[in-house]
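Encoded as structure tokens, the structure appears first; notes follow it.
Computation of the quantities below employed the complete heavy-atom set of this structure, encompassing side-chain atoms and omitting hydrogens, waters and symmetry-equivalent molecules. The chains referred to below are lettered A, B, ... by the order of the sequence lines, with proteins before strands, and numbering in each begins at 1. Keep in mind the model is a prediction, meaning the values are calculated, not measured.
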Number of protein chains: 2
Amino acid sequence: MSTAHHCDAAARAEQVLARRGARITQLRRDVLRALMREDRPVGAYQLFDQLKARDAASAPPAVYRALDFLVGEGMAHKLQSLNAYVGCACFEHAHDAHFLICRGCNAAEEVPTTAIRKQVDTDAAERGFAVERMVVETVGLCADCKGRA
Amino acid sequence: MSTAHHCDAAARAEQVLARRGARITQLRRDVLRALMREDRPVGAYQLFDQLKARDAASAPPAVYRALDFLVGEGMAHKLQSLNAYVGCACFEHAHDAHFLICRGCNAAEEVPTTAIRKQVDTDAAERGFAVERMVVETVGLCADCKGRA
DNA sequence: AGGCGTCCGGTTACATTGTAACCATCGGCG
DNA sequence: CGCCGATGGTTACAATGTAACCGGACGCCT
Ligand SMILES: [Zn+2]
Ligand SMILES: [Zn+2]
Ligand SMILES: [Zn+2]
Ligand SMILES: [Zn+2]
């Protein structure tokens, strides 16, 4: 959980994007780093305020466009139940995720979805539904906050 | 899928609420019926416009409060990825659900979550996380829209 | 080099979604 | 009757997200 860890994550993400031929511009880099620096979900406007303070973003659309890019490349996820974004160090292309969201400390832990995805695919197949994207978010209390209750 | 079916759903929902001792007011009844009448997710402001036209709701907060009540009682669900609401005829108290959301026709089919919930509980338990609420939404194409492609 | 097309982001001006805060009313209950 | 909790009317915003238009950068072809 050190700062170094997160910087590394951003740096490695940029390498992966470069290898993939994606255009990694200054704005996108700034948004990526800002996301990776946090270990909590961040709202688009929070992000905007940070970047604006450093003259790195001009207006909300810039931030949303960068976020769309990062989500599309699988370097970030949007948490639908928080309207917030988190960086992702999985480095695959646009994978889906299951988030354990703590309402005590606002942490959001990403966990693999293999088993859940399989079940979702089953549910969908039974009804002839073609899955494109999956949102799985669990709200509750993490181990720490549960103890602290 | 007849209109009668939806009216019945609303009527039975009201009975269940009454038996439960919940206060079913005119506003809440109106919102419930409006929700059940649709077979698609409805935005809060769409709902508001409908009710306003009949002088049934005065302002957005009224609608949101009624929706919170209905969701709390398990008579409606919020779709986080659409910012919209759907009625529910399950009549249990505040159950969770899995929605198959078609981006072609905007239908949202609610399917049971027993298997998924089990897997989510497993994922959570492994990390000492206490689950309170679960959001599972799958976006894609329903059988009809897939064929029509 | 010059022209072209595409991608990116700046900018403005909104649209949509959701809420805080305060007060009036209503209905049960001591 | 007077209190109290629940409900909802009202105002005024806050927070989140976008459409549309433009200009600059960069690669690519001639
Ligand atoms: Zn991820
Ligand atoms: Zn926590
Ligand atoms: Zn339901
Ligand atoms: Zn469809």
Side-chain angles (χ1 to χ4, degrees), chain A residues 14 17-18 20-35 40-73 75-86 103 106 135 137 139, chain B residues 14 17-18 20-35 40-73 75-86 103 106 135 137 139:
Chain A
E14 288 176 40
L17 287 172
R20 207 181 270 171
R23 315 251 296 241
I24 171 70
T25 65
Q26 191 55 47
L27 173 64
R28 290 170 176 183
R29 195 191 327 269
D30 288 337
V31 172
L32 176 61
R33 288 182 180 170
L35 267 186
R40 300 256 176 294
V42 195
Y45 273 78
Q46 262 176 276
L47 225 36
F48 172 53
D49 289 340
Q50 285 182 33
L51 296 177
K52 179 172 61 175
R54 301 178 27 237
D55 262 341
S58 56
V63 176
Y64 280 100
R65 285 187 290 229
L67 285 169
D68 286 348
F69 168 78
L70 292 172
V71 169
E73 294 290 340
M75 299 297 171
H77 299 280
K78 175 166 190 180
L79 297 180
Q80 296 290 352
S81 39
L82 296 181
N83 292 324
Y85 299 80
V86 283
R103 65 170 175 73
N106 294 314
V135 175
E137 298 173 14
V139 180
Chain B
E14 288 177 40
L17 287 172
R20 208 181 268 172
R23 316 251 296 241
I24 170 72
T25 66
Q26 192 55 48
L27 173 63
R28 289 169 177 183
R29 194 189 330 269
D30 289 337
V31 172
L32 176 61
R33 288 181 181 170
L35 266 186
R40 299 255 177 293
V42 195
Y45 273 77
Q46 263 176 276
L47 224 34
F48 171 54
D49 289 340
Q50 285 183 32
L51 296 177
K52 180 172 59 174
R54 303 179 25 239
D55 261 343
S58 56
V63 177
Y64 280 101
R65 284 187 292 229
L67 285 169
D68 286 348
F69 168 78
L70 292 171
V71 170
E73 295 290 340
M75 299 298 170
H77 298 281
K78 174 165 190 182
L79 297 181
Q80 296 290 349
S81 39
L82 296 181
N83 292 325
Y85 299 81
V86 284
R103 65 171 175 71
N106 293 316
V135 174
E137 297 173 15
V139 180

Open item on the list: As a test of reading the structure: which of dT17(C), dC7(C), dT11(C) is closest to the side chain of Y64(B), going by heavy atoms?
Closed with: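 The answer is dT17(C), which lies nearest to the side chain.
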Are any of the side-chain heavy atoms of [X] and [Y] separated by less than 4.5 Å?
{"X": "Y85(A)", "Y": "P41(A)", "answer": "no"}
{"X": "V63(B)", "Y": "F48(B)", "answer": "yes"}
{"X": "L67(A)", "Y": "L47(A)", "answer": "yes"}

In whole Å, what is the span from the [atom1] atom of [X] to the [atom2] atom of [N]?
{"X": "R65(A)", "N": "dG9(C)", "atom1": "CZ", "atom2": "P", "result": "7 Å"}
{"X": "L27(A)", "N": "dC7(C)", "atom1": "CG", "atom2": "C1'", "result": "13 Å"}
{"X": "Q26(B)", "N": "dC26(C)", "atom1": "CD", "atom2": "P", "result": "15 Å"}
{"X": "L70(A)", "N": "dG9(C)", "atom1": "CG", "atom2": "P", "result": "10 Å"}
{"X": "K52(A)", "N": "dG9(C)", "atom1": "NZ", "atom2": "P", "result": "19 Å"}
{"X": "L47(B)", "N": "dT17(C)", "atom1": "CG", "atom2": "P", "result": "12 Å"}
{"X": "R23(B)", "N": "dG27(C)", "atom1": "CZ", "atom2": "C1'", "result": "7 Å"}
{"X": "L67(A)", "N": "dC8(C)", "atom1": "CG", "atom2": "C1'", "result": "15 Å"}

- [ ] Indicate yes or no: does R65(A) engage D68(A) in a salt bridge with an N to O separation below 4.0 Å.
- [x]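 No salt bridge links R65(A) with D68(A).
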Task: Note: R33(B)-D30(B) ion pair, threshold 4.0 Å (strictly below) - done: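 Looking at D30(B) together with R33(B), the answer is no, because their closest N to O distance does not fall below 4.0 Å.
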TODO: On DNA chain D, check which nucleotide each of Y45(B) and F69(B) is closest to and give me the residue with the more 5' one.
DONE: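 Going by which nucleotide is closer to the 5' end, it is F69(B).
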TODO: Return the 5'-most residue of the pair A66(B), N83(B) with respect to DNA chain D, ranking by each residue's nearest nucleotide.
DONE: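 The residue mapped nearer the 5' terminus is A66(B).
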Open item on the list: What range of DNA chain D does chain A touch, first nucleotide to last, counting atoms under 4.0 Å from its heavy atoms?
Closed with: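 From 5' to 3', the first and last contacting nucleotides are dT16(D) to dA20(D).
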Task: Distance in Å, L27(B) CG paired with F69(B) CZ, rounded so as to fall on 0.5 Å steps - done: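 Answer rounded to 0.5 Å: 10.5 Å.
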Open item on the list: Could you measure the distance from the NZ atom of K78(B) to the CG atom of N83(B)? Nearest 0.5 Å is fine.
Closed with: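 It is 5.0 Å, given to the nearest 0.5 Å.
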TODO: Scan A59(B) against the nucleic acid and name what it touches under 4.0 Å (heavy atoms): base, sugar-phosphate only, or nothing.
DONE: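 Base contact.
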